[in-house]
Number of protein chains: 2
Amino acid sequence: MKKFVYSFGNGVAEGNASMKAILGGKGAGLAEMTNLGIPVPPGFTISAEVCDYYYKHGKTYPAGLDEEIESALNKLEETTGKKLGDPQNPLLVSVRSGAAVSMPGMMDTVLNLGLNDESVEGLAEVTGNRRFAYDAYRRFIQMFGDVVLGIEHGKFEAELQKVKDEKGAKSDTELDENALKEVIERYKRLYEKEGKSFPQSPKKQLQMAIDAVFGSWNNPRAIKYREINKIAEGQLLGTAVNVVAMVFGNMGEDSGTGVGFTRNPSTGEKKYYGEFLFNAQGEDVVAGIRTPLPLDELDKRYPEIYKQLTDVFDKLERHYKDMQDTEFTVERGKLYLLQTRTGKRTALAAVKIAVDMVNEGLITKEEAVSRVTPEHIDQLLHKMIDPTVRVEPIAKGLPASPGAAAGKVVFDVNEAAQRGKNGEMVILVRPETTPEDIEGMAYSAGILTSRGGMTAHAAVVARGMGKPCIVGAESIKLDIEKRMFSVNNVVVKENDTITIDGSTGNVILGEVPMIEPGLSKEMKDLLSYADEIRKLGVRANANTPEEATRARNYGAEGIGLCRTERMFLKPDRLPVMQDMIIAETREERIAYLEKLRDVQKQDFYDILKAMDGLPVIIRLLDPPLHEFLPQRERLEREIEELKASGKDPDLLKKKEKQLKRSKELAEFNPMIGFRGCRVGIIYPEIYEMQVEAIMRAAVQLKEEGFDPKPKIMLPLIGHVNEMKILRERTVNKVEEIFKDTNVRIDYQVGTMVEVPRAALTADQIAQYADFFSYGTNDLTQTTFAYSRDDAEATFLPYYLRENILPHEPFITLDRDGVGKLVKIGVELGRKTNPRLEIGICGEHGGDPDSIEFCHQAGLDYVSCSPFRVPIARLAAAHAALKSKA
Amino acid sequence: MKKFVYSFGNGVAEGNASMKAILGGKGAGLAEMTNLGIPVPPGFTISAEVCDYYYKHGKTYPAGLDEEIESALNKLEETTGKKLGDPQNPLLVSVRSGAAVSMPGMMDTVLNLGLNDESVEGLAEVTGNRRFAYDAYRRFIQMFGDVVLGIEHGKFEAELQKVKDEKGAKSDTELDENALKEVIERYKRLYEKEGKSFPQSPKKQLQMAIDAVFGSWNNPRAIKYREINKIAEGQLLGTAVNVVAMVFGNMGEDSGTGVGFTRNPSTGEKKYYGEFLFNAQGEDVVAGIRTPLPLDELDKRYPEIYKQLTDVFDKLERHYKDMQDTEFTVERGKLYLLQTRTGKRTALAAVKIAVDMVNEGLITKEEAVSRVTPEHIDQLLHKMIDPTVRVEPIAKGLPASPGAAAGKVVFDVNEAAQRGKNGEMVILVRPETTPEDIEGMAYSAGILTSRGGMTAHAAVVARGMGKPCIVGAESIKLDIEKRMFSVNNVVVKENDTITIDGSTGNVILGEVPMIEPGLSKEMKDLLSYADEIRKLGVRANANTPEEATRARNYGAEGIGLCRTERMFLKPDRLPVMQDMIIAETREERIAYLEKLRDVQKQDFYDILKAMDGLPVIIRLLDPPLHEFLPQRERLEREIEELKASGKDPDLLKKKEKQLKRSKELAEFNPMIGFRGCRVGIIYPEIYEMQVEAIMRAAVQLKEEGFDPKPKIMLPLIGHVNEMKILRERTVNKVEEIFKDTNVRIDYQVGTMVEVPRAALTADQIAQYADFFSYGTNDLTQTTFAYSRDDAEATFLPYYLRENILPHEPFITLDRDGVGKLVKIGVELGRKTNPRLEIGICGEHGGDPDSIEFCHQAGLDYVSCSPFRVPIARLAAAHAALKSKA
C-alpha cells in the first residue's frame, strides 16, 4: 500500500531531501534536517499525493489515510510526551502547506491547533503563563475562523479593537488575561453570528485544518501565483501538509523568532544574514508588521544561541551546497529550525554566490552556471541610477530588490495593474503588500512600502519578479484615502513622478538619469564558465559601429544581422534614396546609387573595423521600396500647398513624381509583397551597389592591416533560382572589385531563411549558399500566416489570454510549427552542404527557451540584440547542460 | 562501337518503330513501314545521338560516322541500282530532319540532292524528260542555297521572276528547258554575288546538307517551338537525319503527292481522309500554295492506286492501333509511302477515335483514356456559336480547327502576339502562315487564312494549339498593306470585330452569342472509362444551386468547397451584414445574424438539395470583416455629402459608424490578418449562426425524404486549439438543433489547410478534424510569402518570363515547396486519424499536373470549378495510369 504520511522527530525522519515532489519543500527540508541532527520540532508530513488524489476524486481522501494520520499523531504524542487536547499537558501543532515549489503566503497555515476551553488551562499550567495561554487561544480561534471557516479577518480585528478601546489599551500586549478571555468570548459570538461553530475537539480541528490546507491549493490567489510564475498545471502534484509540534517564540524575552540566510540574498556576500524579533511568533516577521532586528543583535544578546544557529547554517550550506533560507524559533533559550530551503536571491547575489562557491570548491562551474537564470542576467543588465548624478533622496527605506525605476506614483493596486498593462510606468506605493496584490506588483515598474523588512511579502515577491523594491521606508506618511504621501515637508501626490533605487533604498523626487550597467567581475567569470560549456555561438544584431562595439563588449562573437536599410534612412541619405526610387531609367538609378555607395562604404568600414577578425553578416536591402517614400497623405498635402503657393515648381514636380511612384508601389499586403531579393533581382543595380560598398570597405581595411570578415546575406529567398542568380551577380561584382584592387578577401554569400518555402527546399538553396540565417520573425509570420502588426492589434491578445496559443510566438519560438520548419531546413541544407553554417537572427535569438531549441536543432549560433548577448551566452550553456543530462 | 546509321530498303530495315528516340519519328516510321512490306523508297537514317554528340562536342561528329554514312550510301546505291552523281543514272536523295517529337516545318529539308551539271543530264536521259530534270536541278540549287547556305529565298524568287518576265511566262510551268537553264545560270551568279559557291560534288552536297539539318535543331524557330510546346531541354536527343532516295510526284499527270489520314483528324469519323495534288512535289501540299483535291479524286482517277493506298492505311492502323497521318507520292503510277506518324487530331476527333477504337476492339479503355489529353477535354468545353442564333456568314473557308472565337481583326503577326499577351482578344488574318508566325498564332483567339488546305501550316498548328482556325477562305480579298480585307461588298478593317467558327468555316461580322457545349455521347463514354480507372474523387467548387447542378451534370461527386461569404454579398443581405459588423454588442450582432440565418438557411437548403446524397463541404465565413463594409473613400464622400445636405441624420450616423469601424478593421496585410477562424473564434455568434442555418436546412431536407450530407469546414486553422474550440462550439450547436428538432443527420467537421503551420502540425489538428481540404491558393501565398495580387502586379511576371519560377505557382502546384507541405500534412494527419478524408479545393484542383501530384500524394479527391470537372476526371485517370506504369 502507498504511504501517505511521513513522520520526523528525535533525529529520525521517514522522508528526506530527495522526496520534495511528494513532501513539498518544507516537509522534505524538515525531514532532511532531522536526519542531519539539526534541532527540529517533531511532526509529520501528509504527502502531496494526497492532494492530487483529493482533487482527482471529488475532494475525498484515499482509504487508509485517517489511520496513517492517527498513527503518526500517536508517534508525535509519544515523542513530545504531550497529547492533543490534553487538559494537563496539551500538544499544540501548526498545520502548514508546502508544495515542491515555494509559493510564499499563497496557501493556508493554522497555528496553535489543539487548544480548546480545557487545554488552554493545561497550557497555562505547563507554561506558567496564563496570559500567554489565553493569547495563544485567542490567536488560534481567530486564525481558525479566518483560514478554515472563511470568517473575514477584519471582523475579528474589530472585536479585538472594541476590547482594546474598552480597556484603553493601545497595543495587543497591553491586554491582560481577563481582557483576552473577553476577546475569546466575543470571537465565539462572532462565530455564531456567522453561522459557524468553533470545534472544541482537537481531532476535529486537525481534520478541518488539513481540509483547509488542501483546499487552499486551488484558491484564486494560488492559481494566479502559479500562472504568473509559469508553474504549469500538472507540474506539481499539489501541496503537502505539515503537522508540526508548536514551539513558541513569544514566551518572553528569552524567546523569539527569525529568518536567516546563510549568505546575503541581496548582494551574495558570504556573510550570515537575517532578522530576528524577540518575543514574537514567526508570522510577525513575515507579515512585516513589526520591524525586526538584524541577526547580529542575537549575537550580542545570546552569543551561544547565535553560535549554535550559525553552526547549523554552515552545516546546511555544506550539505545542500547552496545558500539556504531558514526559519527558526528560540523558545526559552532553545533553538528550533522550522524550515530550510534554497534561498531566493537577487540576480546580483545569484551570480556572486555561484562564482564564490566555485572558488570555494563547493560546486562545479556547470553547477554554478545552472544556478543562474537568464532572468538573473537580464536583471543585472537593467537600469541603475547614473552614479555621476548627485541625487537628493527624500526618503530612505530598506533596499529590498535591486535596480532602479522611475514612474508615476499610484496607490491603488488594481489601478497599478491596469495602467501598467497599458504600458505606463507606475510605482506602486503601499503601507505593505499582501498576496492579493501580486498582479498589481507584476505590472508596476517598482514597489515602495512604508512598512516591513527585507523578508516581508513585498520584498520577497519583488525580488522574485526582479523588480526594484524598497520596503520599510518608515519616514513616509501615507494617506491612501487622499492618494498622497508626505515625508518631512515634501508632499507627493498621485501621478507625481518618483524614482526608487532598490539597491540603496533611496526614494527620489522626479525622474533621475539612469545608465545601463556593465558586466561585473563575477558576471564575467560566470559567463566565461558558460562560454566553456555552450556549443552555440552567440552573435549580435547590430546596425551601427556603436552597437557593434557594445555587442563585442558583451561577448558577441560576430554580427549575425546587420540591416543595411536603416543606413538609407539617415537624413542625409533618404532624399538620395527617394530620388533613386522615382528615377525612371537604370542609368538615373545608378547615378543616385553611386552617391549612396560612398556613404554606405563608410558605414561598412566602421562596422567591419569594430568587429575586426569576427564575422559580420550584412543583409542587403530588404523592405519594400515604398517604405522609403514620404507618407502618401503627407505628399498629397504638400502638393496641395505647393500648388496653392505657386512657388518652387521643381519641388512640386518631384513631389508629384514621388506620389505617383508611391501609388504604383502601394501594395495590398506589403509584408508578403515586392521586397527583399525580389526587388534585388529586378533592380540589379541596388544590390550591386551594396556589394561594392561592402567589399570596397573590406578591401580598404585589409590594406590597412585589419582582418575583415564580411558575409553577404540575401533576404527573402524562396526559390533556388533567386539564390543562384543573386549569388552569381554578387560573385561577379566581388571578383570585379578584387581585380580592380588586386586584393582578395575571404567572404561568404548566404541567405536569410524566412519564408516557409526556403526551409522546405533548403537542399536546393544550399547549393548556392554558404550560410543560412533563420529570420524567425518573418518565418513566424508566414508559417502562422500572421501579419504581426495586425495580429497584435486584433486577435493575438485574445489568443494569448485564452491560452489558444501557449506562448506569444513572436517572443518564444513555436517549436511545433516554425521549429519543425527550422529542423527541416537544417536537415536538408546540411545534406547538400555539410559545411553550411546555420544560425538564427530573429528576436527569438535572445529568448532562452528559443535558444534551447536552437541548440537542440543543431544550429551553429544565435544572434540577438547586443543587450541580450550575455543572456544568450548563459542560455546556450543551459541548453548544452540540459541536453547532456 | 555505337551504331550511328540505320539503313532501310528492299523490305528490310535495321531500325524499327521502337527506336523513335534515336531514329526520330520519321526515321522510325520509315523503318517500320519497310519491315511491314509497305512500299517505301530506300534510304538510311543518321541517329539523333549524332545530333546530341554534335552539340556536346563543339559541332563535331563522332569518329566512324563518315565511314558508316559511306557504307549506308553504298548499300542505297546498290538497292536502287543508281549512283550518287552518276552522269548516266544518278541517285537523287532527300535529306530531312526528324526528331522523336514532330516539329512540323521547324527544321531544314533538302530535296533532289545529287544533281550537278553532269548528273542533271543523266536524269534527263533516264526520265526522258529534260524539262523535268532541269526544273529539278533549278529547284535543288535554290533550296540548297536557301537552306544550306542561307541565301535569302526571295533573291532566288526575284531571279526566277526576271526570267519569267523575259519569257512572258505567267507560271513556273510555262518555262521550258532553256529558260530553266537560264534560271540556273542566274542562280549560280547569285551564289557568286553572295560569296558562296554551289558544290558540284554530290558527296560534298550531302555532307553540307547533313550539317545544315543538324544545325537547324537549334535555330531560333525550333527553339521557340519547343518552348511553346513545353519540350524541355534534354528531353530529346536532337534530330535524326533521313537520307532517302527521291521519288517524284511531279513527273506528269500519272504522278502526284498527297497526305492521308486513316480517319478524319477533324471529326474523328472512321473514313479515310486526305488531300492529293497531281503532278506535284510534297512541299506543294504542305506549303498550302495550291489547293489540293480530296482523296476521293484519286479513287476516281486511279482506283487501283487508291485501293493500294487504303490497304496500306488499314495495315498501318491495325499495326499502330492509332489513327495515322501519312505522306505519300505516286511516281508514274507507283505508290511510295514517305512518312507515317500518329496523326494529330482535334479534341473532338481524339475523343471519338479513342471511343470508336475501344468499340472496334482495337484498344483498351486505358489506352483510350491515355490518348485523350486534358487539353482536348478543355477544348471541347470551349465556346461554340449558339445554334439558336441565325448567323449570316460573310465568308466560308475550310473548318481547320474547331471552336468559335470572336475578336478584333489584326493583320500583323507581331502585333497579334503583343496585343494577345496584353489580354486582348484578336483574330489573326493572314494569306497563310509560316513557322515564323507561331508566337502570333499562340496569342490570337483565332486564325483565319485566305489560302491553304486542311493540312496547311495554319491548320496543323492551330489544331495543335486547340485554337479556332479557318483556312482557304478564298473569297476573301486581303490587302495587308492597307490593313483590310473585303469579301463581296463587305469591307473589314483592322480592329473591326469578327467571329470565326472553326467547326463550320463560317466567318461572321461582329461578335456572335456563344454557348458552352455539353458533353457528347463519346465524351461521356470516355469519361466513364476514366471514372473506372481513377482513384481520386472529383468534386466541384460551387457556391450556388445553379453551379451545384452544373457540377453534378459534369460528373462531380460532391461539392468540395461552398463559400458562404458570397451569400452575404447579395444586395438584400449586405446591409444586414454591415449592420452586424458595426454593432457594438453581442446582442445586437445576434439580432442581425438571426436575419441572415434565415436567408442562409434557404441557400443551404437549395444547394444540399441539388447535391442530394453527395457530400457538400461548406466553409464558414472566411474573409476579413472590413471586406463587407463600403470602400473607405466612398464612405468619406457620402458623409461629406450628407453633412452638406443636412438631410437624413440617421443615415449620416450609420455611415459615420461604418467609417469608424472600417478604420478600426483596416489592416496592413489583410491577407494574413484578422480573418477566417480568427474572426470565428472572437465572434462565436457568426459561426453559430452559420452552423444553425446549415443544419436546419439539412434537417428540413431529411424530413422531406432527402439525404443531405453537410460537412462543415473551418477556414484558416493554424493551431490545434483553434480547431478544438471551434469543433466543440460547432458540435454543441448541432446537438442543440438535433435536440430541438428530434432529427439526427450524419455530418462532419473539418478544416481547410491553407497555412503552413496547419500542415506542419496536422497530427495535432487531425485529432479534431474529420477531413482536411487543402486550400492551395492561400497555401501557395503563405508558403512562398507571395501576396498574389501584389506579386502578379510586380515581380511575378518577370520571374515567369526569366524562368526564375518554372511554373506560375497559382496555376500549377509547386511540388517542391507547397507540395512538400501537402505531403507532410497528409502523412501527419493520417497518422493521427487514419480515416481522415483529404482533398484539395484550390484552383490547382482543376490543373492536370497538380491533379497528378494529388494522386501521388494520396489525396482522396480534388475539387475544382464545375467546368473543369470533366478535365479533372480525365487527369485523375491519367495520374492513376501513370502511377501504374
Side-chain angles (χ1 to χ4, degrees), chain A residues 624 664-676 678-679 681-682 716 718-722 724-725 754-761 763-764 778-791 793-796 798-799 802-806 809 814 816-821 824, chain B residues 624 664-676 678-679 681-682 716 718-722 724-725 754-761 763-764 778-791 793-796 798-799 802-806 809 814 816-821 824:
Chain A
E664 281 167 15
L665 289 170
E667 293 186 288
F668 298 104
N669 302 290
M671 199 266 131
I672 48 177
F674 187 42
R675 47 170 285 234
R678 302 165 192 175
V679 172
I681 282 181
I682 291 187
L716 214 71
H719 194 286
V720 58
N721 287 344
E722 294 172 322
K724 186 175 174 219
I725 289 169
E754 48 189 333
V755 165
R757 199 180 183 284
L760 292 164
T761 61
D763 46 348
Q764 299 174 6
D778 278 10
L779 193 60
T780 299
Q781 295 200 73
T782 49
T783 303
F784 276 88
Y786 286 176
S787 165
R788 182 171 183 168
D789 294 334
D790 297 318
T794 53
F795 61 90
L796 199 53
Y798 181 94
Y799 272 31
E802 299 292 318
N803 281 318
I804 295 173
L805 293 179
D814 159 51
D816 290 351
V818 178
K820 191 174 281 176
L821 270 184
I824 289 172
Chain B
E664 281 167 14
L665 290 170
E667 294 186 287
F668 298 104
N669 302 290
M671 200 264 130
I672 47 176
F674 187 41
R675 48 169 285 234
R678 301 164 193 176
V679 171
I681 282 181
I682 292 187
L716 214 72
H719 194 285
V720 57
N721 287 343
E722 294 173 322
K724 185 176 175 217
I725 289 170
E754 49 189 333
V755 164
R757 199 179 184 284
L760 292 164
T761 62
D763 45 347
Q764 300 174 3
D778 278 10
L779 192 61
T780 299
Q781 295 199 72
T782 50
T783 303
F784 275 87
Y786 285 178
S787 164
R788 182 172 183 168
D789 293 335
D790 297 318
T794 53
F795 62 90
L796 200 53
Y798 181 93
Y799 272 31
E802 299 293 318
N803 280 318
I804 294 172
L805 294 179
D814 159 52
D816 290 353
V818 178
K820 190 174 280 177
L821 269 185
I824 289 173

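By convention in this document, chain letters (A, B, ...) are assigned in the order of the sequence lines, proteins followed by strands, and residues within each chain are numbered from 1. Just so it is clear, the values below take in all heavy atoms, side chains as well, and ignore hydrogens, waters and symmetry mates.
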Which region of B:Gln764, side chain (C-beta onward) or backbone (N, CA, C, O), has a non-hydrogen atom less than 4.5 Å from a non-hydrogen atom of chain A, or is it both or neither?
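It is the side chain, since no backbone atom gets that close.
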Region of B:Phe795 in contact with chain A, defined by heavy-atom distances below 4.5 Å
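Answer is both: backbone and side chain atoms of B:Phe795 are under 4.5 Å from chain A.
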Taking only residues two or more places apart in sequence, or in another chain, which ones meet B:Asp778 in a side chain to side chain donor-acceptor pair (under 3.5 Å)?
B:Arg675, B:Gln781
Report the residues that fulfil side chain to side chain donor-acceptor pair (under 3.5 Å) with A:Thr761, sequence neighbours left out, ordered by chain and then residue number.
none
Give the intermediate values and the outcome of side-chain contact (heavy atoms from CB on, under 4.5 Å) for residues A:Ile824 and B:Leu760.
CA-CA 11 Å; A:Ile824 289 172; B:Leu760 292 164; 4.2 Å; yes
Structural part of A:Ile681 lying under 4.5 Å from a heavy atom of chain B
both
With a 4.5 angstrom heavy-atom cut-off, could you sort out which part of A:Glu802 is near chain B: side chain, backbone, both or neither?
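Neither part.
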What pair of heavy atoms forms the shortest contact from [X] to [Y], and how long is it?
X: A:Asn721; Y: B:Ile804; value: ND2-O, 2.7 Å
X: B:Phe668; Y: A:Asp790; value: N-OD1, 2.8 Å
X: A:Phe784; Y: B:Val755; value: O-CG1, 3.4 Å

Can you tell which of B:Thr782, B:Thr783, B:Asp814 makes a side chain to side chain donor-acceptor pair (under 3.5 Å) with A:Arg757?
B:Asp814
Can you find a pair of side-chain heavy atoms, one from [X] and one from [Y], that are under 4.5 Å apart?
X: A:Arg678; Y: B:Tyr786; value: yes
X: B:His719; Y: A:Tyr799; value: no
X: A:Pro756; Y: B:Lys820; value: no

Could you check which of [options] has the highest count of heavy-atom pairs closer than 4.5 Å to chain A?
options: B:Ile725, B:Leu796, B:Ile682, B:Leu805; result: B:Ile682
options: B:Ala759, B:Ala791, B:Gly718, B:Pro670; result: B:Pro670
options: B:Gly673, B:Ala785, B:Gly817, B:Gly676; result: B:Ala785

Once rounded to the nearest 0.5 Å, what's the spacing between atom [atom1] of [X] and atom [atom2] of [Y]?
X: A:Leu821; Y: B:Leu821; atom1: CG; atom2: CG; answer: 6.5 Å
X: B:Asp816; Y: A:Asp763; atom1: CG; atom2: CG; answer: 8.0 Å
X: B:Glu667; Y: A:Asn669; atom1: CD; atom2: CG; answer: 9.0 Å

